[in-house]
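Here the structure comes first, spelled out in structure tokens, and everything after it is commentary.
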Amino acid sequence: MLQLETDIKAAIRDIPDFPIPGILFKDVTPVFKDPELCTRILEAFAIHYQTVEIDAIVGIESRGFLFGLALATRMRKPFVLIRKAGKLPAKTIKLNYALEYGEATIEIHDDAIEKGWKVLVHDDLLATGGTAHASARLCEQVGAEVLGFSFLVDLSFLNGKAVLSKGFPSAKIIGLATY
Ligand code: AMP
């Protein structure tokens, strides 16, 4: 295991039964208290995507905004937000998608992405892949092409990567800490 992965895992805190019984929640907030570790994480993402020509980074609410904006700023690229329904103030495009129990709606401002932009979708954690997959489809609906996905954590036993590779075969997918 790379030293960076070891250090990320040492910082992440496991919270059992949050937000509901049976879920082992990966609390990434201690990572943000370590500026040296955050710098190394941003470097790792930037190096991984330096050969991919992207126009913007799209962050998924809410923890995807944290490294998402920092990475976009570091790469001198625009940052675009995908939010849960009802939070974005201007005109939006919405997408409904199925969750394990029930469904969810996400939104993006309809002028957030220029037609033909190549984007990278970022979130803190990849679990089943449903959220990232729906977010990438929403990007496509507003005219973007999705070239990659980045996550701090990949819960690989939930096979999210397979869901994303099936939906977006040419996208580069990275998770820095894999469980
Ligand atoms: P999924 O759509 O199943 O890939 O779930 C990914 C989204 O749910 C991300 O925005 C994560 O922040 C959150 N999430 C899912 N499972 C966990 C977990 N075990 N610990 C922390 N966050 C999680």
Side-chain angles (χ1 to χ4, degrees), residues 4-34 37-38 41-42 44-45 48 56-72 79-88 92-108 112 119-141 144 146-169 171-179:
L4 177 60
E5 183 171 14
T6 307
D7 294 346
I8 294 169
K9 287 183 171 177
I12 287 172
R13 183 163 59 177
D14 285 351
I15 311 283
D17 300 320
F18 183 88
I20 52 167
I23 300 287
L24 183 64
F25 193 84
K26 295 285 178 196
D27 177 19
V28 297
T29 61
V31 172
F32 306 129
K33 286 171 69 186
D34 184 339
L37 181 58
C38 289
I41 287 167
L42 288 173
F45 282 138
H48 188 80
I57 292 178
V58 178
I60 304 175
E61 180 168 1
S62 59
R63 288 180 297 274
F65 295 165
L66 298 162
F67 280 120
L69 176 61
L71 182 61
F79 179 69
V80 173
L81 291 75
I82 287 186
R83 299 207 64 179
K84 288 160 192 143
K87 308 266 183 148
L88 286 171
T92 62
I93 305 285
K94 298 185 203 327
L95 186 141
N96 290 311
Y97 67 101
L99 297 172
E100 202 177 343
Y101 302 102
E103 55 178 53
T105 303
I106 50 173
E107 286 185 320
I108 191 167
V119 303
L120 170 64
V121 174
H122 173 79
D123 202 358
D124 68 323
L125 182 142
L126 175 65
T128 64
T131 308
H133 186 275
S135 299
R137 285 281 176 254
L138 186 56
C139 290
E140 287 183 333
Q141 281 184 16
V146 178
L147 292 195
F149 295 89
S150 66
F151 306 92
L152 186 61
V153 179
D154 174 12
L155 301 184
S156 64
F157 52 91
L158 295 174
N159 296 317
K161 258 190 185 161
V163 169
L164 297 181
S165 326
K166 187 155 179 258
F168 302 87
K172 243 181 144 172
I173 308 168
I174 181 182
L176 293 182
T178 302
Y179 289 89

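When reading the values below, keep in mind they use all heavy atoms of this one structure, side chains included, and skip hydrogens, waters and symmetry mates. Counting starts at 1 for both ligands and their atoms, following the listed order. All values derive from a computational prediction rather than experimental measurement.
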Keeping Glu5 on the side-chain end and Thr178 on the backbone end, is there a donor-acceptor pair under 3.5 Å? yes
Among all protein heavy atoms, pick out the one at the shortest distance from atom 13 (C) of ligand 1; state its residue, atom name and that distance to 0.1 Å. Arg63 NH2, 4.0 Å
For the 3.5 Å polar cut-off, considering only N or O atoms, please tell me whether Ala127 and ligand 1 meet it. yes
The closest protein heavy-atom partner of atom 11 (C) of ligand 1 is Asp124 OD1, 3.7 Å
If we only consider heavy atoms of Gly160, is any one of them less than 4.0 Å away from an atom in ligand 1? no
Does Glu61 reach ligand 1 with a nitrogen or oxygen that is under 3.5 Å from one of the ligand's nitrogen or oxygen atoms? no
Which of the ligand 1 atoms, numbered from 1, are nearer than 4.0 Å to a heavy atom of Thr131: 1 (P), 2 (O), 5 (O), 6 (C), 7 (C)
Test Leu147 against Lys172 for side-chain contact (heavy atoms from CB on, under 4.5 Å), laying out the working first. CA-CA 6 Å; Leu147 292 195; Lys172 243 181 144 172; over 6 Å; no
Examine distances only and state if a side-chain atom of Glu107 and a backbone atom of Gly86 form a donor-acceptor pair shorter than 3.5 Å. yes
Determine, considering heavy atoms only, which of Leu125, Asp14, Asp154, Leu126 sits nearest to atom 6 (C) of ligand 1. Leu125
Measuring only between side-chain heavy atoms, which start at C-beta, is Phe45 closer than 4.5 Å to Ile174? yes
Distance-only N or O hit between ligand 1 and Leu24, under 3.5 Å: yes
Proximal ligand 1 atoms for Thr128, defined as those under 4.0 Å from one of its heavy atoms: 1 (P), 2 (O), 3 (O), 4 (O)
Matching residue for Leu176 among Ile8, Val153, Asp7 - test: side chain to side chain contact (heavy atoms under 4.5 Å, CB included): Ile8
Could you tell me whether some N/O pair between Gly129 and ligand 1 is separated by less than 3.5 angstrom? yes
Taking only non-hydrogen atoms of Leu155 and a 4.0 Å limit, the atoms of ligand 1 in range are 19 (N)
Tell me, do Leu66 and Cys38 make a side-chain contact under 4.5 Å, heavy atoms counted? no
Can you give each donor-acceptor pair under 3.5 Å made by side-chain atoms of residues 21-34, sequence neighbours left out, with the distance rounded to 0.1 Å?
| residue | atom | partner | partner atom | Å |
| --- | --- | --- | --- | --- |
| Lys26 | NZ | Asp14 | OD1 | 2.7 |
| Lys26 | NZ | Asp14 | OD2 | 3.3 |
| Asp27 | OD1 | Thr29 | N | 3.1 |
| Asp27 | OD1 | Thr29 | OG1 | 2.8 |
| Asp27 | OD2 | Arg13 | NE | 2.9 |
| Asp27 | OD2 | Arg13 | NH2 | 2.7 |
| Asp27 | OD2 | Thr29 | OG1 | 3.2 |
| Asp34 | OD1 | Glu36 | N | 3.2 |
| Asp34 | OD1 | Leu37 | N | 3.0 |

Does some side-chain heavy atom of Phe79 sit less than 4.5 Å from a side-chain heavy atom of His122? no
State, with a plain yes or no, whether a side-chain heavy atom of Phe168 is found less than 4.5 Å away from one of His133. yes
Hey, which atoms in ligand 1 end up nearer than 4.0 Å to a heavy atom of Asp123? 9 (C), 10 (O)
Mind checking whether Asp27 has a heavy atom under 4.0 Å from ligand 1? no
How about atom 8 (O) of ligand 1: does it have a protein heavy atom within less than 4.0 Å? no
Quick check against the 3.5 Å criterion: does Ser156 have a side-chain atom that pairs as donor or acceptor with the backbone of Tyr179? yes
Can you tell me the protein heavy atom closest to atom 20 (N) of ligand 1 and the distance? Lys26 N, 2.9 Å
